[in-house]
Amino acid sequence: MAAAADNALLREYQLSDDDFQRIRRLVRARLGIALAPCKRELVYGRLSRRLRALKLQNFSAYLQRLESGDADELQHFCNAITTHLTSFFREHHHFEFLSQWLLPALERGNAGSRRMRFWSAGCSTGEEPYSLAMVLLEYMRQLRDWDVRILATDIDTNVLRHASAGVYGAERLARVGQGRVLRWFEALPDGRAYRVREELQRLVCFKALNLMDDWPMQGSIDTIFCRNVLIYFDRETQRQIVARMAALQRPGDHLILGHSESLLQVSTQYQLVRDTIHRRLPG
């Protein structure tokens, strides 16, 4: 306890209990995230950079700026608070299910419209939608005239810029496999990074979206990847988000969650069909 107090005295800024509670309320209102008290150190570390960049003297002055409705700084605030942990082909069984079961089923079920729509909600720096795009294009060699699109959204505009650029260090491609690296990436001159090929980029549309705001999507979405996103929301917000996703899907469409997420006590509109893979029910 004494060590923690000493550390607080050595800080560049003081984060009072009142300021932290104001931050928690703002995070809840803007992002729908229930920020736990144990996140205080994380909040300090991330937001103190913004105080430094703005040459502000304390958190109170920063909060006044946010609460005044400064749109640009509110975006910086959201970018700083949100957490992004991702990789190519993370939770590989989801992509096996996609290639071995789901895409053949969609090929049969959507033969009339020749249309497929996918949504990567909380796409972070783009590894998830590009992994999805690789699987789709590998399967779609036999579906040349189909209209297939992936919508990839995130609240953080910084990670979306990274995703849109499609440039990744060699270490980020460890899970991709040498065959796919050669097929879907081009090495940059420095030899330390790779750019996704244009074929993948054409398939994915990156957009900024706060799940607490209005959603612009229209029409049905065959498959929604919303992995490791719901864990940041309280139960009531989870119910609201999943209900809105269900409204975008037809019976038989799929919602794929992260390994630690469940729809138990969240939604009765989906049936669990595989580990963290849910099918939209009628009604």
Side-chain angles (χ1 to χ4, degrees), residues 79 82-107 114-209 217 221-229 254 256-259 276-277:
N79 292 353
T82 48
T83 298
H84 302 279
L85 177 63
T86 188
S87 63
F88 286 101
F89 295 100
R90 188 182 185 191
E91 299 186 59
H92 196 269
H93 67 283
H94 290 156
F95 298 97
E96 290 179 346
F97 176 80
L98 178 69
S99 61
Q100 296 174 12
W101 192 91
L102 185 51
L103 287 177
L106 287 173
E107 180 183 1
R114 302 175 73 82
R115 174 188 184 276
M116 293 184 197
R117 290 293 184 270
F118 301 84
W119 177 20
S120 170
C123 67
S124 187
T125 45
E127 286 90 336
E128 178 177 277
Y130 285 133
S131 298
L132 176 56
M134 284 182 244
V135 174
L136 286 171
L137 288 177
E138 288 164 1
Y139 185 87
M140 285 172 53
R141 292 167 184 166
Q142 63 208 58
L143 304 176
R144 295 184 180 276
D145 299 324
W146 282 56
D147 176 16
V148 180
R149 295 287 184 273
I150 301 167
L151 172 65
T153 67
D154 203 283
I155 192 173
D156 188 332
T157 53
N158 291 330
V159 297
L160 287 173
R161 280 192 288 271
H162 184 159
S164 296
V167 175
Y168 300 92
E171 73 284 354
R172 301 295 294 170
L173 305 184
R175 296 189 186 185
V176 176
Q178 189 61 26
R180 278 178 166 151
V181 171
L182 293 173
R183 173 67 184 89
W184 298 116
F185 294 82
E186 54 186 19
L188 297 185
D190 64 8
R192 296 194 298 269
Y194 292 78
R195 178 182 287 112
V196 297
R197 294 190 183 276
E198 188 178 348
E199 293 170 85
L200 292 185
Q201 290 187 310
R202 282 200 303 264
L203 202 61
V204 185
C205 177
F206 291 101
K207 295 287 185 183
L209 180 67
M217 294 83 83
I221 300 176
D222 298 287
T223 306
I224 299 174
F225 279 67
C226 185
R227 305 188 305 169
N228 307 303
V229 174
H254 287 78
I256 300 178
L257 303 180
H259 70 277
T276 63
I277 299 172

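For this chain, numbers begin at 1 and follow the sequence in order. Quick caveat, the model's predicted, so the values are computed rather than measured.
The structure places OG1 of Thr223 at 8.0 Å from CG of Leu132, a figure rounded to the nearest 0.5 Å. Rounded to the nearest 0.5 angstrom, Leu173 CG and Gln178 CD are separated by 9.5 Å. Note that the CZ atom of Arg175 and the CZ atom of Phe95 stand 10.0 Å from one another [nearest 0.5 Å].
Other residues, nucleotides and ligands contribute at most 12 non-hydrogen atoms within 6.0 Å of the CZ atom of Arg195. Around atom NE2 of His93, more than 12 heavy atoms belonging to other residues, nucleotides or ligands sit under 6.0 Å away.
Residues Arg227 and Ile256 come closest through the heavy atom pair CG-O, 3.5 Å. For the pair Leu106 and Met116, the tightest heavy-atom approach, listed with the atom from each and the gap, is CB-CE, 3.9 Å. Closest of all the heavy-atom pairs between Gly258 and Thr276 is O-CG2, 3.2 Å.
Distance alone, capped at 3.5 Å, places no donor-acceptor pair between the Glu186 side chain and the Tyr194 backbone. Judged by distance alone, the side chain of Asn158 and the main-chain N or O of Asn79 form no donor-acceptor pair under 3.5 Å.
Considering only heavy atoms from C-beta on, Pro129 comes within 4.5 Å of Phe206 through its side chain. Looking only at side-chain heavy atoms (C-beta outward), Arg90 and Glu127 stay at 4.5 Å or farther from each other.
With respect to the salt-bridge test (charged N to carboxylate O, under 4.0 angstrom), the residues Glu171 and Arg192 do not qualify.
Aromatic ring centroids of Phe89 and His94 lie 6.0 Å or more apart. In this structure, the ring of Phe185 has its center less than 6.0 angstrom from the ring center of Phe88.
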Would you check, one step at a time, whether the test salt bridge (charged side-chain N to carboxylate O under 4.0 Å, His left out) holds for Arg114 with Glu107?
-> CA-CA 8 Å; Arg114 302 175 73 82; Glu107 180 183 1; over 6 Å; no
Apply the test salt bridge (charged side-chain N to carboxylate O under 4.0 Å, His left out) to residues Lys207 and Asp154: give CA-CA distance (whole Å), side-chain angles for both, the deciding distance (0.1 Å), then the verdict.
-> CA-CA 7 Å; Lys207 295 287 185 183; Asp154 203 283; over 6 Å; no
